[in-house]
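The structure appears right after this line, and notes come after that.
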Amino acid sequence: MTTLTPIQMEAVIRKLTALADDEIILAHRDGEWTGHAPILEEDIALANIAQDELGHATLYLDLRRSLDNSDADRLAFFRGADEYTNVRLVELPKGDWAFTMLRQFLFDAYEALWLSAAQNSNYVPLAEVAAKAVREEKFHLQHTALWVERLALGTEESRLRTQNALNELWPHVAQLFAPLPGEADLVAVGILPELEKVRASWESFVLPHLTEKCDLLLPMVPAQASEGRDMHTEHLAPLLAEMQSVARQHVNAEVW
Amino acid sequence: MTASHVTPEQVWTALAAVPDPEIPVVSVTDMGMVRDVTVDGGHVTVTFTPTFSGCPALHVIRDSIGEAVRALGVEDVEVRSTLTPPWTTDWIQEGARERLRQYGIAPPAPAAASPLISLDPDPTRCPRCGSLNVRMTASFGPTLCKRLYVCDSCREPFEGFKSV
């Protein structure tokens, strides 16, 4: 099935944009380590990961363009914080290395499992994108899972920093699994995966890694995200100001 | 030669000479990126599948494909990309695997055999001495498609193609 009703199309566009926004903002935070990562290999690794995430954003925004003829560059570089629909998890400042690796691990696992489920979408263009992107996520997940383990079981200090990162990030995780307006209708007709099911598989993958393998303590936090993707922390606007500065100074530039 | 005389075989031959911009010892057809060529009168359509979605060389590859076909005297060239089926390193031609190895890049292990979501890296053989006694030193390399290794038998560092 690839014919969408106008209401479905609106909801699909909203979802594609949210998926792309998560990737763009996280890629920017990862990119902030370029030239600053603890060792050269990790500088390169994080740049690779950021590049992949931007590639996935491009796939989503290409899909959106096929529906509403929108321009990916305009969406990325000329929307303000009030229009971005990324989760708050990805916009938090980059923090230390433990924070960066743990955030990426939590997100990679979510992304890999969401994409894995989305391969079964009966909206064929989305199923195709998911089948493509999921192959790349495997490498992120291998890498960040190993880093979380290494840091959690490393020195007293690395363990403390990893636990602190988990305490800070955990309250933001629930928002990854909060459906957007209209999303339930798309799930009902088989266009999108059910987030509760993705969450269950995410928990069965992530929780044993954090607690059994890495011996970290799960913080006690409320189970549900309170506000939607239109509510951001104070950290998003400065991120966008930096990310968009060149595009906004050279509005008519054609080649990036 | 006029455009109407171009055959799909001629287009394939021309594309076999288009190098991968990041690994010039292999061509876009060696890599299995060209999925289909159709010739309809003077209109040539080439369908290719991107390797990694964030690969910065994709637009170069797209332009090179168009140029290679135009060099045959064809004016009306369309270069399409498709995501289905997704590109896999299993499509890299046998000869190209050997050229990768000689170039110092370990060719990818069969992707079909490994699960998509796994925390264990694929087995890799040193391209220089053939030993499996190798260590991955970085899971990401200078391009999206490669990782970095060191061989504990011959002590050489080398790049390995990811298996996807």
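Letters A, B, ... mirror the listed sequences (proteins, then strands); counts begin at 1. Just so it is clear, the model here is predicted, and its values are computed rather than measured. Any value given below was found using the heavy atoms of this structure, including those in side chains, with hydrogens, waters and symmetry copies removed.
- Contact annotation for B:T143: only backbone heavy atoms (N, CA, C, O) come within less than 4.5 Å of a heavy atom of chain A.
- Listed by chain and residue number, B:L15, B:V18 satisfy the side-chain contact (heavy atoms from CB on, under 4.5 Å) test with B:A68 (two or more places apart in sequence, or in another chain).
- For the atom pair CG (A:D52) and SG (B:C55), the distance works out to 10.0 Å, reported to the nearest 0.5 Å.
- Chain A forms more heavy-atom pairs under 4.5 Å with one residue of B:A138, B:S139, B:P50, B:P85 than with any other, namely B:S139.
- With a 4.5 angstrom heavy-atom cutoff, B:T89 does not touch chain A via any of its atoms.
- Between A:H143 and B:F140, the ring-plane angle classifies as perpendicular under the 30° and 60° cut-offs.
- Note on A:A127, A:A57, A:A45, A:A50: by heavy-atom pairs under 4.5 Å with chain B, the leading option is A:A45.
- Here the shortest heavy-atom pairing between A:E41 and B:T137 reads CG-O, 4.2 Å.
- The one candidate from A:K132, A:E136, A:Q51, A:E53 that meets the side chain to side chain donor-acceptor pair (under 3.5 Å) condition with B:S53 is A:E136.
- Taking every heavy atom of both residues into account, A:R135 and B:V164 meet most closely at NH1-C, 3.3 Å.
- Atom CZ of A:R150 sits in a crowded spot, with more than 12 heavy atoms from other residues, nucleotides or ligands closer than 6.0 Å.
- Here the straight-line distance linking atom NZ of B:K146 with atom CG of A:N48 works out to 10.5 Å at 0.5 Å rounding.
- Of residues 14-40 of chain A, not one residue has a non-hydrogen atom less than 4.5 Å from any non-hydrogen atom of chain B.
- Of the atoms belonging to A:L59, it is side-chain heavy atoms, and not backbone ones, that fall under 4.5 Å from chain B.
- Between B:L83 and A:V129, the shortest heavy-atom distance links the atoms CD1-CG2, 3.7 Å.
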